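Mind having a look at this structure? Questions to follow.
Chain letters run A, B, ... following the sequence lines, proteins first, then strands; residues in each count from 1. The shown structure was predicted, so the numbers you read here are calculated from the model rather than taken from an experiment.
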Amino acid sequence: MADKRDLLILGGGLVGMTLALAAARKGISSHVIDRADPAELTAEGFDGRASAISTASWNLFSNIGLDSALEPFGCPIASIAVTDGMKPGRIDFQPEAHEGSLGLMFTNRSLRLALFEAAKDEPLISWHARAEVIKRERLEFEVAATLASGERLEAKLMVAAEGRNSPTREDAGISVAKWDYRHRAIIVGLTHEKPHGNVAWEIFYPAGPFALLPLLDAPDGKHRSALVWTVNEKDAAGVLALSDRAFLAEVDKRMHGVFGAIALDGPRSSYPLGFHHTAKITEHRLALVGDAAHGIHPIAGQGLNLGLRDVGALVEVLVEGMRLGLDPADAQSLTRYERWRGLDSFMVAFATDGLTRLFGIPGRLPSAIRRFGMGVVQRTPVLKHWFMDEARGMSGTLPELMRG
Amino acid sequence: MPDATVANATIRPDEAAHFAALAKDWWNPKGSSAMLHRLNPVRLAFLREAIDRHWDGNSTSLKPLAGKSALDVGCGAGLLCEPLARLGADVTGVDAAPENVEAAALHCEGAGLDIRYMAGELASLGLGQFDLVTSMEVIEHVADKAAFIGSLASHLAPGGLMVLSTPNRTPQSRLLLIGVAEAVGMVPRGTHHWDDFVTPEDLRELLAGTGLTMSEPRGIAFSPLKGLHLSTDLSLNYIVTATRA
């Protein structure tokens, strides 16, 4: 007898896991299939990957009961400093006291651990780790995934949460508009002499942004930040091959000593940057969430936040349909999800893509124009608030799960 | 002549045949029942609110009808029966046209739901009483409306809830539901006969005749921005609950 559930979530990363938990809190059951071994994903040691959690995303975690487990690991972002290669004319996004923080920085490992812990005892989540999907079926009345082990898992709605190269999306024949930035993000943890003062730095260089994201101090009291350094694809191999000392020197040169002496905290990793977007994020009995639906430049740390907004919106339309007795994959519900998320994710993707290109133009005149533009933003409260609301994820129609 | 009493019943043979022709197309959200598919979430929203209020239920539960029996009269291919079953009810669907019932049974099996479907005249089927009795967009197709309402009432269990919806008999409904909707193909031709439409006052009287009290009717209106939605405008279509006082 097959254990037939409401959702078949392909991909158990941060977005897939949060979806399963948020759905379960509303009484919706799921299978979650993931290739990775959870023990490896949460292994000791910092892999350098970190995520900014916007106010809206934090509300989502609170509403599904994860706030107390996550709170000790979040580093509040008190302000964001944006500069054009450390030249004068920087913008500081600093909210008023009553407006709260601009978000919280987490290592991805601490997020994953909290999600695993919460999902472990949830009977509405059936977790299939180290599992390879060899066949996907979307039939008239149900969906199914067959695993390499021969097991066939059935549900009503398939959700692709496998990230940017989603095989389920390819399988469904949904084409995406994409372009490659021919850039690579190099990611590494740093420890530094001076405290970061809860400031996130976005330093724009023509080759791409150099972002320093504040993390909580390490257990031994060392100050920590996560570095996301974007380099040209043709230079990436060279930068990755540098010795630790030479690499540190290159990083140090770009930081202008804002944090004093620095050291590496863990190994370097890198991934290619690209932008992809599809207006079509649903098909018969299928919904795309997270990077499977849209991949954006990590410049503003909005990738995970966008994915979590997908989660909030999808759970809301599912609940609204199911409390009326509709099939979880009801065509009208899926259309609502698509319309709700389509424009929002495109706006964010478009804005971050625009920023990347704007700051990618070399030369003194473009730099002067950028610094002039930044000065305007700095002195125009309406614009500054718009940018801050975007960073907090509080603009647009928020899903109920993401409201405070 | 026992057959004679059945023949005198409320189904018009030409109406039943008309829907049988549509049966196969029922479940296509873009097919000829597209209007009903769009109407479904609207009337279900009303129904959900009525269920929570009547049984003092939790509005976030996904199974508010668990442990309750439901009867849907004029069930077509099960557009309403299937949601009722998902909400936890033990559902019986009755339709005059055997083809509808066949299509409904087939679809419900595929969907993995357990619903009892029966073809024929409600009064002659000898069904018992039910906690919830629904009949949506049906009474306008029925010849002897008093007999029909009487039969619905006799199947309502003590303390039960009845929910009915139907087009109003107004100049607007004549223009939009018959004139425009049929002309542009939103509703199949021959679906409605305006003279058969029932006003809320008529319905209140019919229900009172069987000892049932009708609630304030809610309108189901259409606007280009909102589509079909619940409204205070009763001129096109309306939906009511009825309970034994």
Side-chain angles (χ1 to χ4, degrees), chain A residues 1-8 22-30 63-65 123-124 137-144 152-157 282-285 315-340 397 399-401, chain B residues 27-31 33-52 57-66 68 70 72 78-89 91 106-113 115 132 134 136 163 225-230:
Chain A
M1 176 72 196
D3 174 17
K4 192 172 225 165
R5 293 182 169 242
D6 298 317
L7 308 180
L8 181 65
R25 298 289 188 254
K26 299 285 186 181
I28 301 170
S29 62
S30 60
N63 286 329
I64 62 176
L124 289 173
E137 295 166 88
R138 288 185 291 120
L139 308 169
E140 185 182 356
F141 294 107
E142 62 179 16
V143 296
R152 186 171 184 271
L153 303 172
E154 297 176 356
K156 287 292 185 182
L157 174 67
T282 63
E283 256 293 346
H284 172 69
R285 291 194 184 274
V315 170
E316 185 162 328
V317 303
L318 287 176
V319 167
E320 277 185 14
M322 288 172 73
R323 68 181 289 283
L324 301 184
L326 297 173
D327 187 309
D330 181 74
Q332 295 186 77
S333 303
L334 292 181
T335 303
R336 241 190 95 212
Y337 168 67
E338 182 162 280
R339 287 205 185 130
W340 191 351
T397 314
E400 169 248 321
L401 269 173
Chain B
W27 278 100
N28 177 2
K30 292 181 179 134
S33 296
M35 252 329 227
L36 278 180
H37 282 274
R38 267 184 269 169
L39 186 58
N40 220 21
V42 182
R43 61 195 195 182
L44 283 167
F46 177 90
L47 186 63
R48 176 68 204 244
E49 218 182 292
I51 289 167
D52 290 341
N58 175 353
S59 66
T60 62
S61 156
L62 296 182
K63 302 264 176 227
L65 289 176
K68 299 207 159 51
D72 183 37
L79 257 63
L80 195 61
C81 287
E82 292 195 6
L84 294 176
R86 281 197 204 90
L87 293 176
V91 184
L106 207 66
H107 193 272
C108 129
E109 196 191 337
L113 297 166
I115 298 170
L132 175 68
T134 57
M136 305 237 187
V163 182
L225 273 181
K226 292 203 234 168
L228 290 166
H229 61 280
L230 289 172

- Go through the atoms of A/Asp330 and report whether side chain, backbone, both or neither lie under 4.5 Å from a heavy atom of chain B. neither
- Contact check, side chains of B/Pro64 and A/Arg323, non-hydrogen atoms, under 4.5 Å: no
- Item | B/Asn40 backbone acceptor or donor facing A/Gln332 side chain under 3.5 Å | no
- Working to the nearest 0.5 Å, report the span between NZ of A/Lys26 and OG of B/Ser61. 12.5 Å
- Message: Has A/Lys156 got a side-chain atom pairing as donor or acceptor with B/Ala111's backbone, closer than 3.5 angstrom?
- Response: yes
- Message: For B/Asp52, which atoms come within 4.5 Å of any heavy atom of chain A: side chain, backbone, both, or neither?
- Response: side chain
- In residues 80-89 of chain B, which residues are in contact with chain A at a heavy-atom separation under 4.5 Å? B/Glu82, B/Pro83, B/Arg86, B/Leu87
- Message: Quick check on A/Glu142 against chain B: is it the side chain, the backbone, both or neither that has a heavy atom closer than 4.5 Å?
- Response: neither
- Task: Please list, in residue-number order, every residue in residues 42-50 of chain B that has a heavy atom less than 4.5 Å from any heavy atom of chain A; write 'none' if there are none.
- Result: B/Leu44, B/Ala45, B/Arg48
